[in-house]
Amino acid sequence: MVRSLAPHLVGRTIVSARFTSKHVTPGDRAELARQVTGRRIESIRRRGKFIDVTLDAGHLVMHLGMTGKLLTSGVEGKHTYGVFTLDDGVLLYDDPRQFGSIEWGDARVRRLGPEPLEILLEEFTAALRARKTRVKALLLNQSFLAGIGNIYADEMLFAAGIHPLVKAFKLSAARAGQLHRAMLETLSLAIEHRGSSISDYVDADGKRGDFQALHRVYGRDGQPCLTCGTAIKKAVVASRGTHYCPACQKR
DNA sequence: CTTAATGTTCCCCA
DNA sequence: TTGGGGAACATTAA
């Protein structure tokens, strides 16, 4: 998303902004609009699942929740809750479920754990050893690691051959190493494929990702495991649908 | 009509 | 303080 946004946004000035959801933009929406108006966009980066837009003064931080979209063309729709008019172009924030957020300042970004693509094996192994919770819950915990969501947690646990209910501290150094490698491989490949478009996700140009075609467990419950043929199971773990192969991922 | 959905936070309890 | 479980938020689609 950030890679597709950057060419449209960097160097632009926000001429005006308007916000219309009390869920996406709790607090004073007119004040937020005043804070971003007239500001020049210096850079844009991803941190965890947050999009951090650095302005010539301050930060505009956005999260897409489950169904959020940031589009650089098109017109306002039923669920457009943020409109940024730029000196050249427009940025529309669209989010039917309104689980996303648009806020001033990077306070939430600073509370995130390390980036999965940056954490070193040694630190990762030590961090796992210190936690008694289930490994799937830990992967989803954004203060433990920033940016892993439900799809990628399931996919990397399958790639590592680790059962989602295993307690983190019970993982051997070898298993922690497998998970670290699976994490890097799964996320890198997903990024190469521009993400997973199950129903809503598109980038700033409205383009879908195609990693969903490579999912090996997520959304494949009842279908044969691509490694061993056993039926993929689905259970609820950490209140989230959790897909795994009961044969390849032993407890 | 019911259920589940790419997410986070809050509350209650152990 | 940690961790488990569930509810809440709002909308759509199967």
Side-chain angles (χ1 to χ4, degrees), chain A residues 1-2 4 19-27 46-51 61-71 77-82 93-103 106-113 116 127-158 164-170 186-187 189-191 193-204 206-222 232-243:
Chain A
M1 173 60 78
V2 165
S4 64
F19 307 108
T20 51
S21 166
K22 63 176 161 83
H23 304 285
V24 172
T25 43
R46 177 195 63 76
R47 179 71 174 92
K49 296 174 193 168
F50 289 88
I51 297 163
V61 172
M62 298 182 275
H63 192 298
L64 299 178
M66 299 268 249
T67 55
K69 286 187 184 98
L70 277 168
L71 299 168
K78 184 182 177 186
H79 299 297
T80 303
Y81 298 114
Y93 178 91
D94 197 275
D95 186 5
R97 288 175 74 177
Q98 302 174 67
F99 284 177
S101 59
I102 304 175
E103 59 198 39
D106 61 355
R108 290 174 79 202
V109 161
R110 276 179 285 158
R111 283 182 224 124
L112 293 171
L128 285 175
R129 235 186 338 250
R131 297 299 205 109
K132 292 180 178 166
T133 193
R134 296 161 168 179
V135 63
K136 161 110 185 206
L138 200 51
L139 291 174
L140 292 176
N141 181 343
Q142 303 296 298
S143 55
F144 181 73
L145 283 176
I148 299 173
N150 200 38
I151 293 174
Y152 301 108
D154 282 2
E155 290 298 320
M156 65 183 68
L157 284 170
F158 174 79
L165 290 182
V166 171
K167 309 273 187 185
F169 75 100
K170 292 269 194 186
T186 302
L187 294 177
L189 190 61
I191 290 166
H193 284 265
R194 313 177 59 82
S196 304
S197 293
I198 305 284
S199 60
D200 293 272
Y201 174 71
V202 288
D203 71 11
K207 198 166 147 194
R208 291 166 58 85
D210 57 30
F211 189 67
Q212 65 281 359
L214 300 184
H215 289 173
R216 293 191 280 174
V217 285
Y218 185 86
R220 295 196 64 248
D221 41 311
I232 298 300
K233 267 196 168 174
K234 183 179 173 190
V236 174
V237 178
S239 304
R240 308 300 301 277
T242 297
H243 314 71

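Convention: sequence-line order gives letters A, B, ...; per-chain numbering from 1. Computed from heavy atoms alone, side chains included, the values below leave out hydrogens, waters and symmetry copies.
- Spacing between atom NZ of Lys136(A) and atom P of dG3(C) amounts to 18 Å, rounded to whole angstrom units.
- Contact annotation: the side chain of His215(A) approaches that of Ser196(A) to within less than 4.5 Å [non-hydrogen atoms, C-beta and beyond].
- Atom C1' of nucleotide dT8(B) and atom CG of Leu140(A) are separated by 11 Å, given to the nearest angstrom.
- Arg208(A) places a side-chain heavy atom less than 4.5 Å from the side chain of Val202(A).
- Going from atom CG of Asn141(A) over to atom P of dT1(C) covers 16 Å, rounded to whole Å.
- The aromatic rings of Tyr81(A) and His79(A) sit tilted, their planes meeting at an angle between 30° and 60°.
- Comparing Arg108(A) and Arg97(A), the nucleotide of DNA chain B nearest to each residue sits closer to the 5' end for Arg97(A).
- Taking the P atoms as reference points, dG6(C) lies 15 Å from dT3(B), given to the whole Å.
- Residue Asp95(A) is classed as having no contact, given no heavy-atom separation below 4.0 Å to the nucleic acid.
- For the pair Phe50(A) CZ and dG7(B) P, the interatomic distance rounds to 12 Å; values are reported in whole Å.
- The nearest whole Å value for the distance from the CD1 atom in Ile198(A) to the P atom in dA4(B) is 17 Å.
- Residue-level contact check: Thr67(A) touches neither bases nor backbone, having no heavy atom under 4.0 Å from any strand.
- Of the nucleotides present, none pairs with dA10(C) by Watson-Crick or G-U wobble criteria with both distances under 3.5 Å.
- Comparing Gln98(A) and Arg134(A) against DNA chain C, the residue whose closest nucleotide sits nearer the 5' end is Arg134(A).
- Residues Lys234(A) and His243(A) meet the side-chain proximity criterion, which asks for heavy atoms closer than 4.5 Å.
- In this structure, the nucleotide among dT8(B), dT6(B), dC9(C) sitting nearest to the side chain of His23(A) is dC9(C).
- Phosphate contact (OP1/OP2 of dT8(B), side-chain N/O of Lys49(A), threshold under 4.0 Å): present.
- Residue His63(A) has a polar side-chain atom (N or O) positioned under 4.0 Å from OP1 or OP2 of dT8(B).
- Contact check, Lys132(A) against dA14(B): no side-chain N or O comes under 4.0 Å of OP1 or OP2.
- The residues Arg110(A) and Asp106(A) are annotated as salt-bridged, a charged nitrogen and a carboxylate oxygen being separated by less than 4.0 angstrom.
- Distance from the side chain of Pro96(A) is smallest for dT11(C) among the nucleotides dG3(C), dT11(C), dG7(B).
- Following rounding to the nearest Å, Met1(A) (CE) and dT6(B) (P) show an atom-to-atom distance of 17 Å.
- Atom pair Met66(A):CE and dA4(B):P shows a separation of 13 Å (rounding to whole Å applied).
- Atom CZ of Arg240(A) and atom P of dA5(B) are 8 Å apart (whole Å).
- The aromatic rings of His63(A) and Phe50(A) lie perpendicular to each other, with more than 60° between the two planes, well past the 30° mark.
- Listed nucleotides dG7(B), dG4(C), dT11(C) differ in distance to Phe99(A); the shortest reach to its side chain belongs to dG7(B).
- When heavy atoms are screened at a 4.0 angstrom cut-off, Lys69(A) is found touching no nucleic acid atom at all.
- Lys78(A) comes within 4.0 angstrom of sugar-phosphate atoms only, judged by non-hydrogen atoms across all strands, and of no base.
- Residue Tyr81(A) places its side chain closer to dT11(C) than to any other of dT11(C), dT6(B), dT12(C).
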